[in-house]
Q: 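Sending over a structure as structure tokens; questions will come in a sec.
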Amino acid sequence: CEPTIVHFACHGEPTGIYLKGGYLDSADLADAILAVNKERGAQRIRLVIANACMSGDLARLLSEAIDFGIAHGELPVGDDDAVQFSSTLFCGLGCGLSLLASFKAAKLSSPPYQLLAPRFDPAQFFLGQQR
């Protein structure tokens, strides 16, 4: 089973994020993702990346029911840092590194990023086949 990733790259506030359609409350977004997971079974969303300012609450809400959440914590993030973080994270994952190794490399670009993994080991999460 291949992991499924949802990545939000947008503006954020402590209580939610801004998407094309406007503001979306963190609790509403978490509820929607959890509803999708209930129907998807083995192909559930396993990793959500909230690459947005002050997205720590969103990641904490999501990490209660998904395997992994990544967010920028409680601080603003500049566009250049956000792009560098995402580029490094996905480059690592795409090159066969674990989520943990990819996250540690990406975090060098912007230290406030957080990886929440309350139930699963991010060192065992890989794109493609599990190791």
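Just so you know, these numbers come straight off a predicted model, no measurement behind them. Numbers here are sequence positions counted from 1.
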Q: Report, as yes or no, whether the 6.0 Å neighbourhood of atom NZ on Lys104 holds more than 12 heavy atoms from other residues, nucleotides or ligands.
A: no
Q: If you take all heavy atoms of Leu100 and Ala123, which pair is closest and at what distance?
A: CB-N, 3.8 Å
Q: Roughly how far apart are Ile17 CD1 and Cys53 SG, rounded to 0.5 Å?
A: 12.0 Å
Q: Between Ser26 and Asp57, is there a donor-acceptor pair closer than 3.5 Å when you use the side chain of the first and the backbone of the second?
A: no
Q: On a heavy-atom basis, which atom in Ala82 and which in Asn51 lie closest, and how many Å separate them?
A: O-ND2, 3.0 Å
Q: Quick check on side-chain contact (heavy atoms from CB on, under 4.5 Å): which of Leu97, Ile49, Ile5 does Leu89 satisfy it with?
A: Ile49
Q: For the side chain of Ser86 and the backbone of Val83, is there at least one donor-acceptor N/O pair under 3.5 Å apart?
A: no
Q: Find the distance between CG (Asp121) and CG (Leu99) and round it off to the nearest 0.5 Å.
A: 9.5 Å
Q: If you group Ile, Leu, Val, Met, Phe, Trp and Tyr by side-chain heavy-atom gaps below 4.5 Å, do Phe68 and Leu62 land in one group?
A: no
Q: Provide the closest heavy-atom pair for Leu61 versus Ala30 in the form atom of the first, atom of the second, distance.
A: CB-CB, 4.0 Å
Q: Using a 3.5 Å distance criterion without hydrogens, assess whether the side chain of Ser55 forms a donor-acceptor pair with backbone atoms of Ala71.
A: no
Q: If you take the centroid of each ring, where Trp contributes its six-membered ring, are Phe120 and Phe125 closer together than 6.0 Å?
A: no
Q: Which heavy-atom pair separates Ser102 from Gly92 by the least distance, and what is that distance?
A: OG-C, 3.2 Å
Q: Would you name the heavy atoms of Val77 and Ser110 that are closest together and state the gap between them?
A: CG2-OG, 4.0 Å
Q: About how many Å separate CG of Leu93 and CG of Leu47, when rounded to the nearest 0.5 Å?
A: 7.5 Å
Q: Taking all heavy atoms of Pro118 and all of Ser63, pick out the closest pair and write down the distance.
A: CG-O, 3.2 Å
Q: Are His72 and Phe85 close enough that their ring centres sit under 6.0 Å apart?
A: no
Q: Is there a donor-acceptor contact under 3.5 Å from the side chain of Thr88 to the main chain of Gln84?
A: yes
Q: Using the rule that Ile, Leu, Val, Met, Phe, Trp and Tyr join whenever any side-chain heavy atoms are under 4.5 Å apart, tell me whether Val48 and Val36 fall into a single cluster.
A: yes
Q: What distance do Ile45 atom CD1 and Ile66 atom CD1 have between them, rounded to the nearest 0.5 Å?
A: 7.5 Å
Q: Is any side-chain heavy atom of Arg40 closer than 4.5 Å to one of Thr4?
A: yes
Q: Tell me whether Arg44 contacts the main-chain N or O of Leu34 through its side chain, where contact means a donor paired with an acceptor under 3.5 Å.
A: no
Q: How far apart are the C-alpha atoms of Leu24 and Phe8, what are their side-chain angles, what is the distance that settles it, and do they pass the side-chain contact (heavy atoms from CB on, under 4.5 Å) test?
A: CA-CA 12 Å; Leu24 185 57; Phe8 296 99; 5.9 Å; no
Q: With clusters defined by side-chain heavy atoms of hydrophobic residues (ILVMFWY) lying less than 4.5 Å apart, directly or transitively, does Leu19 cluster with Leu58?
A: yes
